[in-house]
Asker: 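Quick one: the structure is below, and I'll ask about it shortly.
Along the sequence shown, residues are numbered consecutively beginning with 1. Note that this is a predicted model, so its numbers are computed, not measured.
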Amino acid sequence: MIKNNDFLFKKITEKAAAADFTGYTVQYPPMLFWKKINQDEEREIRKSWKKMARKNLKRIGLYIHIPFCNQRCSYCRYFSKGKVSKSLIEKYLRFLEKEVRIYRNILGKISFRTLYIGGGTPSILSKSQLDKLFKVIYSNFNFKNCIQVAFEANPDSLSYQKLKLLKQHKVNRLTIGVQTLDDKVLKAVNRIQDKKSVYDSYRDARKVGISWINVDLMAGLPL
């Protein structure tokens, strides 16, 4: 049994960093091969996506990734960038809108059962950016039979006004990234929130009427 927690954590993160991780789900074709695909192959991929989507109408969901954080946590292995400029975030959102319109041509008629906006830290977006993002998503995809709209947030970038907006855009599941309430551990893993912001976020989410609230907690974080 390894008793040195720092050493164990280091080995775990090294193994995770060495893995070829490109997203929450297995992607086909892998992103590394996208530039090598010709037009015939692209048409075949589009046909396969449509066929697969129609077979899974009761389970199909849409995931939107916001790859920005105020600062990156030391344990994180998801794709995100910390301390970026406002202009870079705006540029990403413009290109995201273009990509949404591309996928609308492939999946626009299919009714998504779930919408999940994760990251990174989606709550880092301003109120106006969040408002536009939801409008772009809802105006290009079909959510007639949607049963869940989930949103990831960190306490340091979540305000009452943002929560009211999320409720207006039908968010009914909020995941608050807490990880720990120990200030020493928070500092050690490079998180900038405090206990008060966690409690305030939870109370405000209840106040605006969000139905389900998840709280992420992590065990074994190093001091």
Side-chain angles (χ1 to χ4, degrees), residues 21-25 27 31-32 34-35 42 46 49 53 60-73 76-144 146 148-177 190-193 197 201 204-205 208 210 214 216:
F21 183 83
T22 57
Y24 282 97
T25 59
Q27 298 183 28
M31 291 176 69
L32 295 174
W34 283 12
K35 291 182 180 180
E42 182 180 339
R46 287 174 181 249
W49 281 354
I60 190 167
L62 177 66
Y63 174 76
I64 301 291
H65 190 69
I66 305 298
F68 304 112
C69 298
N70 282 324
Q71 62 186 39
R72 278 182 58 82
C73 303
C76 184
R77 287 298 174 266
Y78 294 110
F79 180 78
S80 67
K81 292 182 176 293
K83 298 181 179 179
V84 298
S85 65
K86 292 181 179 179
S87 61
L88 181 60
I89 295 177
E90 285 289 347
K91 184 177 181 181
Y92 177 82
L93 293 174
R94 288 197 300 272
F95 278 96
L96 178 61
E97 182 174 356
K98 290 182 179 180
E99 190 168 2
V100 163
R101 298 188 191 284
I102 291 171
Y103 281 96
R104 176 185 63 187
N105 296 329
I106 305 172
L107 304 170
K109 294 182 180 179
I110 294 170
S111 181
F112 288 101
R113 297 286 283 170
T114 60
L115 169 62
Y116 192 109
I117 300 177
T121 309
S123 57
I124 198 175
L125 300 183
S126 67
K127 184 182 174 183
S128 61
Q129 288 170 336
L130 286 170
D131 187 42
K132 184 176 181 181
L133 175 63
F134 276 102
K135 288 177 179 177
V136 166
I137 294 170
Y138 286 141
S139 64
N140 285 282
F141 294 114
N142 181 356
F143 291 95
K144 181 180 178 181
C146 185
Q148 179 173 278
V149 179
F151 187 89
E152 289 183 357
N154 275 6
D156 63 285
S157 58
L158 194 60
S159 67
Y160 180 75
Q161 293 303 318
K162 285 183 183 179
L163 285 164
K164 282 182 66 177
L165 180 70
L166 295 179
K167 176 63 177 178
Q168 290 170 13
H169 285 298
K170 304 178 182 179
V171 170
N172 55 10
R173 182 177 293 278
L174 177 72
T175 295
I176 303 175
N190 207 34
R191 289 186 70 84
I192 57 178
Q193 72 210 36
S197 64
S201 296
D204 287 345
V208 301
I210 293 177
N214 298 337
D216 283 347

Asker: Going by atom types only, do E152 and Y116 share a side-chain donor-acceptor pair under 3.5 Å?
Answerer: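 Y116 and E152 do have a side-chain donor-acceptor pair below 3.5 Å.
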Asker: For S201, give me all partners under side-chain contact (heavy atoms from CB on, under 4.5 Å), at least two apart in sequence or on another chain.
Answerer: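 If we apply the side-chain contact (heavy atoms from CB on, under 4.5 Å) test to S201, skipping adjacent residues, the hits are P155, L158, I176.
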Asker: Are L115 and V171 side-chain neighbours, meaning at least one heavy-atom pair lies under 4.5 Å?
Answerer: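 SC-SC contact between L115 and V171 ruled out.
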Asker: Suppose we screen for salt bridge (charged side-chain N to carboxylate O under 4.0 Å, His left out). Which residues come up paired with R104, at least two apart in sequence or across chains?
Answerer: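 Scan of R104 (salt bridge (charged side-chain N to carboxylate O under 4.0 Å, His left out), adjacent residues dropped) gives none.
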Asker: Identify, with sequence neighbours excluded, every residue that meets side chain to side chain donor-acceptor pair (under 3.5 Å) alongside N142.
Answerer: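 Side chain to side chain donor-acceptor pair (under 3.5 Å) check on N142 returns nothing, list empty.
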Asker: Nearest 0.5 Å, please: how far is CG in L107 from CD1 in I102?
Answerer: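 Here the rounded value is 12.0 Å.
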Asker: Give the minimum heavy-atom separation between A153 and L174, together with the two atoms involved.
Answerer: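 In this case the closest contact between A153 and L174 is CB-CD1, 4.0 Å.
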Asker: As a quick check of understanding, evaluate side-chain contact (heavy atoms from CB on, under 4.5 Å) for L130 and F151, giving each step before the final call.
Answerer: CA-CA 11 Å; L130 286 170; F151 187 89; 3.7 Å; yes
Asker: What heavy-atom pair brings S111 and K144 nearest, and what distance separates the two atoms?
Answerer: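 Result for this residue pair: OG-N, 3.6 Å.
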Asker: For residues 159-170, which residue pairs pass the side chain to side chain donor-acceptor pair (under 3.5 Å) check, not counting sequence neighbours?
Answerer: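 Qualifying pairs, neighbours excluded: D131-H169.
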Asker: Out of curiosity, N190 CG to C69 SG, how far, rounded to the nearest 0.5 Å?
Answerer: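 Interatomic distance, N190 CG to C69 SG, rounded to 0.5 Å: 10.5 Å.
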Asker: Could you measure the distance from the NZ atom of K81 to the CD1 atom of I89? Nearest 0.5 Å is fine.
Answerer: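 Answer rounded to 0.5 Å: 12.5 Å.
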Asker: Distance-only, no hydrogens or angles: does the Q148 side chain make a donor-acceptor pair with backbone N or O of N172 under 3.5 Å?
Answerer: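 No; zero donor-acceptor contacts below 3.5 Å.
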Asker: Tell me whether E97 is salt-bridged to R101, with the criterion being a basic N under 4.0 Å from an acidic carboxylate O.
Answerer: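 Looking at E97 and R101, the cut-off is met.
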Asker: Please name all residues satisfying side chain to side chain donor-acceptor pair (under 3.5 Å) with D156, sequence neighbours left out, ordered by chain then number.
Answerer: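 For D156 the side chain to side chain donor-acceptor pair (under 3.5 Å) partners, ignoring immediate neighbours, are N70.
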Asker: So, using ring pair (Phe, Tyr, Trp, His ring centres under 6.0 Å) as the criterion, who are the partners of F112 when residues are at least two apart?
Answerer: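 Scan of F112 (ring pair (Phe, Tyr, Trp, His ring centres under 6.0 Å), adjacent residues dropped) gives F141, F143.
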Asker: Please round to the nearest 0.5 Å and tell me the distance separating atom CZ of R94 and atom NZ of K132.
Answerer: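 Here the rounded value is 8.5 Å.
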Asker: Just verifying a value: how many Å separate I192 CD1 and N154 CG, rounded to the nearest 0.5 Å?
Answerer: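 If we round to the nearest 0.5 Å, I192:CD1 and N154:CG are 8.0 Å apart.
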Asker: With sequence neighbours excluded, what pairs up with S139 under the side-chain contact (heavy atoms from CB on, under 4.5 Å) test?
Answerer: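 Per chain and number, S139 pairs via side-chain contact (heavy atoms from CB on, under 4.5 Å) with no residue.
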Asker: Just to verify, which of T114, V149, I137 counts as forming a side-chain contact (heavy atoms from CB on, under 4.5 Å) with L62?
Answerer: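 It is I137, the one option of T114, V149, I137 that forms the side-chain contact (heavy atoms from CB on, under 4.5 Å) with L62.
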Asker: Nearest 0.5 Å, what's the SG-CZ distance between C73 and R191?
Answerer: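 It is 4.0 Å, given to the nearest 0.5 Å.
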Asker: Which atom pair, heavy atoms only, marks the closest approach of S80 to F68?
Answerer: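 Shortest heavy-atom separation between S80 and F68 comes out as CB-N, 4.3 Å.
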Asker: Determine the minimum heavy-atom distance between L163 and V208, stating which atoms define it.
Answerer: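 Scanning both residues completely, I find the closest heavy atoms to be O-CG2, 3.9 Å.
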Asker: If you define the side chain from C-beta out and look only at heavy atoms, does anything of R113 sit under 4.5 Å from C146?
Answerer: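 SC-SC contact between R113 and C146 ruled out.
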Asker: Which residues satisfy the side chain to side chain donor-acceptor pair (under 3.5 Å) test with N214, sequence neighbours excluded?
Answerer: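 Side chain to side chain donor-acceptor pair (under 3.5 Å) list for N214, sorted by chain: R173, T175.
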Asker: For side chain to side chain donor-acceptor pair (under 3.5 Å), just list the numbers for S85 and S87, CA-CA rounded to whole Å, side-chain angles, deciding distance to a tenth of an Å, and then say yes or no.
Answerer: CA-CA 5 Å; S85 65; S87 61; 3.0 Å; yes
Asker: Applying side chain to side chain donor-acceptor pair (under 3.5 Å), can you list everything that pairs with S126, at least two apart in sequence or on another chain?
Answerer: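 Scan of S126 (side chain to side chain donor-acceptor pair (under 3.5 Å), adjacent residues dropped) gives S128, Q129.
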